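As structure tokens, the structure follows; a few thoughts come after it.
Atom set for the values below is all heavy atoms of this structure, side chains included, hydrogens, waters and symmetry mates excluded. The shown structure was predicted, so the numbers you read here are calculated from the model rather than taken from an experiment.
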Amino acid sequence: MSASWIVLPGLAETPEEFDRVLELLPGRDVRVVDPWQTPVAAPLDELRAATTAGTPVCLAGHSIGGLAVLRWALVHPGEVERLVLIDTSLTSETGWSWLYPGTRADRAIRSFLTFVGRTGLTRLIGPTLRRLLVWVGSATNRDLLSKATARARYGAADSWLLFWDDLANSWTLAAEVAELLKDPPPDLPPTVFLVATGGSSRFTAKSWLAGQRELAAKLNTTAIEVLSDSAHLVHLDRPDAIAKALSD
């Protein structure tokens, strides 16, 4: 029996967004972690426990989810058979230290977002925020979420606080992965990169692709596929490319 695929979405993404990928992989055991239940940038042991898939596993991660699955492979390479990094965040994306979790600025932002959630403003603005994210991040502007799901996910009182937590924790995650890559294990799993250079991504495509290639050079990379017809939300623009990477 082939190992299960575990998929980690990116910042402010939902498992429902990957439904088209799952539809292209009938009969395969593919499990998409729900970031509303287990934050993508959560401690590694929490992520491992949340998958309930056993080991070995195959891992795929989009955006900051790419950093999270890469950390898993670097810390426990024997547990990971294959790795697919989907327009992954880079280890250079470490943000600003004065906004890191636990800092005064972080506590202030958390307090503000908690207040906003209590006012009900998230219910009014959340679905619009979702549409904006898709408009900016997708070349095809296709959104798989129903209006009801968008309201439930993005309009929840604690949703914006969750987004902030994942963003702030992604900066420390990037720094952690960068440190791990200074002395990577010799038995890293075969890794495939999917890199988006279309849509809004075209404006930074040259430097973005260079950064992806630099990261790929440090891993056991078997392929880098450049998706010139996709923006950052590859699972919306090119679900077929993800499905192919998971099935090859």
Take D240 and K244, measure what salt bridge (Lys or Arg N to Asp or Glu O under 4.0 Å) needs, and give me the verdict at the end. CA-CA 6 Å; D240 60 308; K244 183 176 184 299; over 6 Å; no
I'd like to know if the side chain of T221 and the backbone of A216 have a donor-acceptor N/O pair within less than 3.5 Å. yes
For a 4.5 angstrom cut-off between non-hydrogen side-chain atoms, does E13 reach L233? yes
Looking at T222 and N220, would you say the former's side chain and the latter's main chain have a donor-acceptor pair under 3.5 Å? no
Who pairs with W171 by side-chain hydrogen bond (donor to acceptor under 3.5 Å, both in side chains), at least two apart in sequence or on another chain? none
Hydrophobic cluster identity match, V177 and V80, side-chain contacts under 4.5 Å: yes
Would you call E93 and S170 a side-chain contact if the rule is heavy atoms closer than 4.5 Å? no
Rounded distance (nearest 0.5 Å) linking atom CD1 of I242 with atom CD of E225: 10.5 Å
Using a 6.0 Å cut-off, check whether atom CZ of R118 has over 12 heavy atoms from anything other than its own residue. no
Using modelled atom types and a 3.5 Å cut-off, is there a donor and acceptor pairing between side-chain atoms of R82 and backbone atoms of A245? yes
Would you call the rings of F163 and Y154 parallel, tilted or perpendicular, where under 30° means parallel and over 60° means perpendicular? tilted
For L83 and A73 the tightest heavy-atom approach is CD2-CB, 4.0 Å
So L215 and L70, side chain to side chain contact (heavy atoms under 4.5 Å, CB included) or not? Walk me through it. CA-CA 11 Å; L215 177 59; L70 181 52; 4.1 Å; yes
Specify the closest pair of heavy atoms between L113 and L161, including all atoms of both residues, with the distance to one decimal. CD1-CA, 4.1 Å
Rounded to the nearest 0.5 Å, what separation is found between the CD atom of E176 and the CG atom of N169? 10.5 Å
Exam field: side chain S138 to backbone T140, donor-acceptor pair closer than 3.5 Å: yes
Nearest non-hydrogen partners of I6 and V33, listed with the distance: CG2-CG2, 3.9 Å
Same hydrophobic cluster for W36 and V134, using side-chain heavy-atom links shorter than 4.5 Å among ILVMFWY? no
Say you draw a straight line from NZ of K218 to OG1 of T191; how long is it, rounded to the nearest 0.5 Å? 14.0 Å
Does a side-chain heavy-atom distance below 4.5 Å link V40 with L11? no
On a heavy-atom basis, the closest approach of A174 and T94 is CB-CG2, 4.0 Å
Check the hydrophobic clustering (I, L, V, M, F, W, Y; side-chain heavy atoms under 4.5 Å; chains of links allowed) and say if V84 and I224 are grouped together. no
Exam field: side chain R107 to backbone G102, donor-acceptor pair closer than 3.5 Å: yes
Could you tell me which non-hydrogen atom of P101 sits nearest to which non-hydrogen atom of A168, and how far apart they are? CD-O, 3.8 Å
Does the pair D34 and R153 meet the rule for a salt bridge (Lys or Arg N to Asp or Glu O under 4.0 Å), with working shown? CA-CA 11 Å; D34 186 343; R153 292 283 192 178; 3.0 Å; yes
Would you check, one step at a time, whether the test side chain to side chain contact (heavy atoms under 4.5 Å, CB included) holds for R213 with V226? CA-CA 11 Å; R213 292 189 185 279; V226 179; 4.3 Å; yes
Can you hop from V75 to V57 via hydrophobic side chains spaced under 4.5 Å? yes
Within a strict 4.5 Å, meaning less than it, do heavy atoms of the L144 and F18 side chains meet? no
Has the side chain of S201 got a donor or acceptor atom that lies under 3.5 Å from a matching backbone atom of H232? yes
Please answer whether the main-chain N or O of W98 pairs with a side-chain N or O of T103 as donor and acceptor at a distance below 3.5 Å. yes
Looking at side-chain heavy atoms only, is the closest gap between T14 and P35 below 4.5 Å? no
So do W160 and I125 actually touch side chain to side chain, heavy atoms under 4.5 Å? yes
Would the distance check show the side chain of W5 and the main-chain N or O of L246 forming a donor-acceptor pair, the cut-off being under 3.5 Å? yes
Within residues 156-175 or reaching into it, pairs that qualify as salt bridge (charged side-chain N to carboxylate O under 4.0 Å, His left out) - sequence neighbours excluded: R110-D165
Regarding S146 and T149, do their side chains bring together a donor and an acceptor under 3.5 Å, going by distance alone? yes
Between atom CG of D29 and atom CG of L22, what is the distance when rounded to the nearest 0.5 Å? 10.5 Å
Show me the pairs that pass salt bridge (charged side-chain N to carboxylate O under 4.0 Å, His left out) and involve residues 124-142, at least two apart or across chains. E17-R130, R130-D143, R131-D143
Starting from the C-alpha separation in whole Å, work towards a yes-or-no answer on side chain to side chain contact (heavy atoms under 4.5 Å, CB included) for S247 and L25. CA-CA 8 Å; S247 60; L25 295 167; 3.9 Å; yes
Please name the pair of heavy atoms, one in A231 and one in G137, separated by the smallest distance, quoted to 0.1 Å. CB-O, 3.1 Å
Could you measure the distance from the OG atom of S230 to the CZ atom of R202? Nearest 0.5 Å is fine. 13.0 Å
Evaluation steps, side chain to side chain contact (heavy atoms under 4.5 Å, CB included), between D87 and L194: CA-CA 6 Å; D87 218 38; L194 301 179; over 6 Å; no
T204 OG1 to L209 CG distance, which is reported to the nearest 0.5 Å: 10.5 Å
So do the side chains of T51 and W72 get within less than 4.5 Å of each other, counting heavy atoms only? yes
Counting only heavy atoms not in R20, do more than 12 sit closer than 6.0 Å to its CZ atom? yes
Check whether more than 12 heavy atoms from other residues, nucleotides or ligands sit under 6.0 Å from atom CH2 of W135, and answer yes or no. no
Any link between L90 and L173 through a network of hydrophobic side chains (Ile, Leu, Val, Met, Phe, Trp, Tyr) touching at under 4.5 Å? yes
Please step through salt bridge (Lys or Arg N to Asp or Glu O under 4.0 Å) for the pair K182 and E179, ending with a clear verdict. CA-CA 5 Å; K182 291 180 180 179; E179 191 65 27; 3.1 Å; yes
Side chains of D229 and D237, heavy atoms from C-beta outward: is any pair under 4.5 Å? no
